[in-house]
Asker: 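Let me begin by handing over the structure; questions about it come next.
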Amino acid sequence: MAKKRIQVLFQGDGYRIMSGDSDYNVTLELLNEKGKYSFFGYYETITKALRGLIVRDVFIDRAKTYDVKTYLDEVERVKEQIYQDIEKHFEH
């Protein structure tokens, strides 16, 4: 049996979503400090992987303490960045 070719399905600023090793999942990878991508998780769809970036606070600095308003502003910033990544993706 031939090995499935894994490819980039969607790429944003600091992350990428890859086709999984099966037909059922996609893989979310994050860019690390060394400039390489590291596995972050399996998701059913690209949409769920993008949602995972927000729900799991991937791009919010966890070392900081936020009040509610500031935290919500940070969540909005991340969401806006993902929207911009989606727009860039469809410009091609």
Asker: Would you check if the side chain of Tyr43 reaches a backbone N or O of Arg51 as a donor-acceptor pair within less than 3.5 Å?
Answerer: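 Side chain of Tyr43 to backbone of Arg51, a donor-acceptor pair under 3.5 Å: no, none is there.
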Asker: Give the minimum heavy-atom separation between Met18 and Val8, together with the two atoms involved.
Answerer: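 Heavy-atom minimum between the residues: SD-CG2, 3.4 Å.
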Asker: Using the rule that two of Ile, Leu, Val, Met, Phe, Trp, Tyr join whenever any of their side-chain heavy atoms come within less than 4.5 Å, decide whether Tyr83 and Leu28 are in one cluster.
Answerer: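 Per the 4.5 Å side-chain linkage, Tyr83 and Leu28 are not co-clustered.
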Asker: Salt bridge or not for Lys69 and Asp73, using N-O below 4.0 Å?
Answerer: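 Yes, charged N to carboxylate O under 4.0 Å.
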Asker: Distance-only, no hydrogens or angles: does the Asp85 side chain make a donor-acceptor pair with backbone N or O of Asp13 under 3.5 Å?
Answerer: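 Looks like yes, one N/O pair under 3.5 Å.
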Asker: With rounding to the nearest 0.5 angstrom, report the CD to CZ distance, Gln7 to Arg16.
Answerer: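 Interatomic distance, Gln7 CD to Arg16 CZ, rounded to 0.5 Å: 12.0 Å.
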Asker: Please round to the nearest 0.5 Å and tell me the distance separating atom CD of Gln81 and atom CD of Glu76.
Answerer: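 So the gap between those two atoms works out to 13.5 Å.
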Asker: Check whether Ser38 reaches the backbone of Asn32 with its side chain - one donor and one acceptor, N or O, closer than 3.5 Å.
Answerer: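 No, the answer is negative, given that no donor and acceptor are paired below the 3.5 Å cut-off.
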Asker: Can you tell me how far CZ of Arg56 sits from CZ of Arg62, rounded to the nearest 0.5 angstrom?
Answerer: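 One gets 8.0 Å once the value is rounded to the nearest 0.5 Å.
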Asker: To the nearest 0.5 angstrom, please state how far the OG1 atom of Thr27 sits from the CZ atom of Phe40.
Answerer: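 Output value for this atom pair is 12.5 Å.
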Asker: How many angstroms lie between CD1 in Ile82 and CG in Leu50, if you round to the nearest 0.5 Å?
Answerer: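 It is 6.0 Å, given to the nearest 0.5 Å.
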Asker: Taking NZ, NE, NH1 and NH2 as the nitrogens, is one of them in Arg77 or Glu74 under 4.0 Å from a carboxylate oxygen of the other?
Answerer: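 Salt bridge present between Arg77 and Glu74.
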Asker: For the NZ atom of Lys79 and the CG atom of Leu53, what is their distance to the nearest 0.5 Å?
Answerer: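 Lys79 atom NZ to Leu53 atom CG measures 13.0 Å (nearest 0.5 Å).
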Asker: Hydrophobic clusters here meaning ILVMFWY residues chained together by side-chain heavy-atom distances under 4.5 Å, can you tell me if Leu9 and Leu31 are in one?
Answerer: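 No.
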Asker: Check ring-ring contact (aromatic ring centres under 6.0 Å, His included) between Phe10 and all other residues, then give those that pass, not counting sequence neighbours.
Answerer: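 For Phe10 the ring-ring contact (aromatic ring centres under 6.0 Å, His included) partners, ignoring immediate neighbours, are His89.
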